[in-house]
Amino acid sequence: MAAVSLPGLAALAALLFTWMQVGQASKELQISEEGQITNRFTAAINNLGSASLDVRLGGIYALERIMQDSFRDHPTVVSVLSAYAREHARLPASGTKATSTEQLPLTDIQAVVNVLARRPPGRDRGTVVDLSRTDLRGLKAMYTDGDINLREVLFTGADLRDADLSSADLRKASLDGANLTEATLSHANLRGAYLPKAILTDADLCSGETLMDPETGQTDSLCPDLTGVVLDEAILTNAILAQAKLTGSSLENADLSGADLTGADLTDADLTGADLTKANLTDAHLTGVALEGAKLDGVRGLPASKR
């Protein structure tokens, strides 16, 4: 019996030895890959400090590649790129650098925002993209292969004058105190965003235009989704909000003087104390809207029952 079992024991020993070798090789490969990631990360960080724009851009895109290749290092890269933008486009204590809205962000800052916008946010693991108090004036449209992921990003106090945030996913983003004068937000998703005291003077939030799908024939509004958005004390003077979805939104004490709210859905919205002087509410949906204390001088399209 012992003689008969020897071949089986030998085979088992060979299998165990092979398994140990594979395990060791796998561990060595993992260590090697981690070492390569570390070296790449160090080189990319060094490139960010270069005086050459080309080298800095190389460092930014190298970090993006690391973020794609390493699930473990993804949150670290997000933090590094966010800090880079805040450091290199920092706003002074006054909140603005100039009155002009024509300045474009630095090329590397634009690149950082692009990289952050096309990251898979599901890998952030609690890391917050913090672009608070950054100078992002004239930010160009972001081109990605998928969604423009700016969900829950902190733009607190940021200068986004004349920025193009078209089609951006800004759900639950913090834009409190941000300057969005003349910004373009058509087709953006701002559901649940936080914008108290934000400045949206002459901002193009919704032109009332639509796009038609050539295959289905269905039309899609270019208006941003502002359902449940907080815009308390925000400045929306002359803002274009025609056909905007503002269901259940809070606009307490907001300045909507001269704003175009034609056809906007203001169902259950809170406009207590809001300034609607010369605003256009023609065909707006006003079921359940709160207008206590609102300034209504010269407002157009408001039913007599709501005055």
Side-chain angles (χ1 to χ4, degrees), residues 15-91 104-156 158 160 163 165 168-170 172-174:
L15 181 62
L16 180 60
F17 179 72
T18 301
W19 177 80
M20 292 176 65
Q21 282 187 316
V22 170
Q24 182 63 29
S26 177
K27 183 180 292 186
E28 291 176 355
L29 178 61
Q30 181 180 358
I31 293 172
S32 175
E33 289 178 346
E34 289 178 355
Q36 290 177 8
I37 291 290
T38 299
N39 291 337
R40 288 166 57 193
F41 186 83
T42 301
I45 294 297
N46 288 335
N47 286 347
L48 291 183
S50 173
S52 168
L53 173 61
D54 291 341
V55 175
R56 294 198 304 275
L57 288 174
I60 291 166
Y61 294 123
L63 286 172
E64 180 180 28
R65 184 59 185 270
I66 291 170
M67 186 165 52
Q68 295 168 348
D69 293 344
S70 175
F71 178 85
R72 186 188 68 174
D73 294 297
H74 174 106
T76 302
V77 173
V78 169
S79 294
V80 168
L81 290 177
S82 299
Y84 180 87
R86 293 196 309 274
E87 179 64 25
H88 291 266
R90 182 188 302 170
L91 285 173
L104 296 176
L106 299 172
T107 303
D108 45 352
I109 300 303
Q110 174 79 50
V112 165
V113 177
N114 285 347
V115 168
L116 292 172
R118 57 177 171 250
R119 82 198 190 288
R123 300 176 66 175
D124 291 348
R125 305 207 305 278
T127 303
V128 177
V129 177
D130 187 355
L131 298 174
S132 300
R133 298 196 56 74
T134 51
D135 185 358
L136 298 172
R137 283 174 291 162
L139 188 72
K140 301 175 186 176
M142 286 157 282
Y143 300 99
T144 69
D145 293 331
D147 295 332
I148 302 173
N149 291 305
L150 295 172
R151 294 178 62 176
E152 301 184 31
V153 172
L154 298 182
F155 286 109
T156 301
L160 286 154
L165 294 167
D169 186 349
L170 288 156
K172 295 185 178 180
S174 292

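The structure displayed is predicted, hence computed values, not measured ones.
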Beyond-backbone contact of [X] with [Y], side-chain heavy atoms, under 4.5 angstrom:
| X | Y | value |
| --- | --- | --- |
| L150 | L170 | yes |
| Q110 | K140 | yes |
| M67 | V115 | yes |
| L48 | L63 | yes |
| I66 | I37 | yes |
| P75 | R125 | yes |
| V113 | L136 | yes |

- Message: Evaluate D69 against R40 for salt bridge (Lys or Arg N to Asp or Glu O under 4.0 Å), listing each step before the verdict.
- Response: CA-CA 11 Å; D69 293 344; R40 288 166 57 193; 3.0 Å; yes
- With no hydrogens and no angle check, is any side-chain donor or acceptor of S50 less than 3.5 Å from a backbone partner on N46? no
- Message: Nearest 0.5 Å, please: how far is CG in D135 from CG in L106?
- Response: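 Result: 8.0 Å between the selected atoms.
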- Roughly how far apart are S70 OG and R123 CZ, rounded to 0.5 Å? 7.5 Å
- Query: Any chance the side chains of H88 and D108 put a donor and an acceptor closer than 3.5 Å?
  - Reply: no
- Pair S132-D130, side-chain donor/acceptor within less than 3.5 Å: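 Distance-only check passes for S132 and D130.
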- Item | Partner set under side chain to side chain contact (heavy atoms under 4.5 Å, CB included) for N47, not counting sequence neighbours |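 N47 satisfies side chain to side chain contact (heavy atoms under 4.5 Å, CB included) with V55 only.
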- Pair R119 + D124: basic N to acidic O under 4.0 Å: yes
- Item | side chain to side chain contact (heavy atoms under 4.5 Å, CB included) between I148 and D169, worked out | CA-CA 6 Å; I148 302 173; D169 186 349; 5.7 Å; no
- Query: Hey, mind stepping through S174 and V153 against side chain to side chain contact (heavy atoms under 4.5 Å, CB included) and telling me if it holds?
  - Reply: CA-CA 6 Å; S174 292; V153 172; over 6 Å; no
- Query: Can you name the nearest heavy-atom pair linking A85 to T134, along with the distance?
  - Reply: O-CG2, 3.9 Å
- Query: Closest approach of A158 and L131, non-hydrogen atoms and distance?
  - Reply: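 In terms of heavy atoms, the two residues are closest at CB-O, 3.9 Å.
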- Query: Does F41 have any ring pair (Phe, Tyr, Trp, His ring centres under 6.0 Å) partners at least two apart in sequence or in another chain, and if so, which?
  - Reply: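 Applying ring pair (Phe, Tyr, Trp, His ring centres under 6.0 Å) to F41 gives none.
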